[in-house]
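See below for the structure under consideration.
Just so it is clear: chains get the letters A, B, ... in the order the sequence lines come, proteins before strands, and each one is counted from 1.
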Amino acid sequence: MAEDRAKVEPTSNEDRYQKVWAVIEGIPAGAVLNYGEVARLAGFPGRARMVGMALGRAPKSRQLPWHRVVNAQGRISFPEGSVKARTQRERLEAEGVEFVDGVIDLDRFSPQRAMDRLLWGP
DNA sequence: GGGCTGACCTACT
DNA sequence: CAGTAGGCCAGCC
C-alpha cells in the first residue's frame, strides 16, 4: 500500500542533515574537508550541494566547526572579503591551516594528516 | 507543480 | 592553467 512506498525512503532530510553534521563534527582541528568529501563520508556521494544546505540550516546550538569545510579547490566558498570568509580564514589559520595564494593544500591538511601530526608531530 | 537558486563536484576542452 | 558542461537536489517562490 501507500504506506509501504513511504517506507522505501526512511530517512527524512532532517535525518540526512544530522548525518552531515555528525561528519563535520568529526573533522579534527587543523584539518579541512571539501563539500563533496563530507557528502561522501555521510553516505551521499555526489550530493555536495546538500552539505552546503545542511551547514546553512544547522542550528546554532550545535556549534559546528563549519569553518573546516571548504570547496574542492581548497578555497573558501564565501565571497572574498566578506565577513564570513574572513572569519573562516581566521579560524583556520588559528588552527594552523596554511593558505598559499588563498588556497589550502587539501592533501596536506586532510584529517588523516592531522592525525599523523598529532601522533608523530609536525 | 514548474522553474530558479545555490556554503558544490567531476570531466573535459 | 582557465573555462565550460553536465550532474546533483533541497528549498523557495
Side chain to side chain donor-acceptor pair (under 3.5 Å) between R117(A) and Q112(A): does it pass, once the steps are laid out? CA-CA 9 Å; R117(A) 278 195 296 280; Q112(A) 188 58 62; over 6 Å; no
In whole Å, what is the span from the OH atom of Y35(A) to the P atom of dC8(B)? 6 Å
Tell me if a side-chain donor or acceptor on R91(A) pairs with a main-chain N or O of H67(A) at a distance below 3.5 Å. no
Side-chain N,O (N34(A)) to OP1/OP2 (dC9(B)) below 4.0 Å: yes
From CA spacing to verdict: side chain to side chain donor-acceptor pair (under 3.5 Å), S12(A), D15(A): CA-CA 5 Å; S12(A) 67; D15(A) 290 333; 3.3 Å; yes
Just how far, in rounded Å, is P of dC1(C) from CG of D101(A)? 10 Å
Once you apply a heavy-atom cut-off of 4.0 Å, does G36(A) come out as touching a base, just sugar-phosphate, or nothing? sugar-phosphate
Write down the distance between CH2 (W21(A)) and C1' (dA7(B)), rounded to a whole number of angstrom. 14 Å
Within the 4.5 Å heavy-atom criterion, are K19(A) and T11(A) side-chain neighbours or not? no
If the threshold is 4.0 Å, N to carboxylate O, is there a salt bridge linking R86(A) and E90(A)? no
Taking W66(A) for its side chain and L55(A) for its backbone only, find out whether a donor-acceptor pair lies under 3.5 Å. no
In whole angstroms, the gap separating C1' of dG7(C) from CZ of R40(A) amounts to 18 Å
Taking the P atom of each, how far is dA7(B) from dG7(C), in whole Å? 22 Å
Expressed as a whole number of angstroms, how long is the span from N71(A):CG to dT10(B):P? 10 Å
Let me know the distance between CD of Q73(A) and C1' of dC1(C), rounded to the nearest Å. 12 Å
Between the protein and nucleotides 8-12 of chain C, list every N/O to N/O distance that falls short of 3.5 Å.
unit_1: dA10(C); atom_1: O3'; unit_2: Y17(A); atom_2: OH; d: 2.6
unit_1: dG11(C); atom_1: OP1; unit_2: Y17(A); atom_2: OH; d: 3.0
unit_1: dG11(C); atom_1: OP2; unit_2: N13(A); atom_2: ND2; d: 3.3

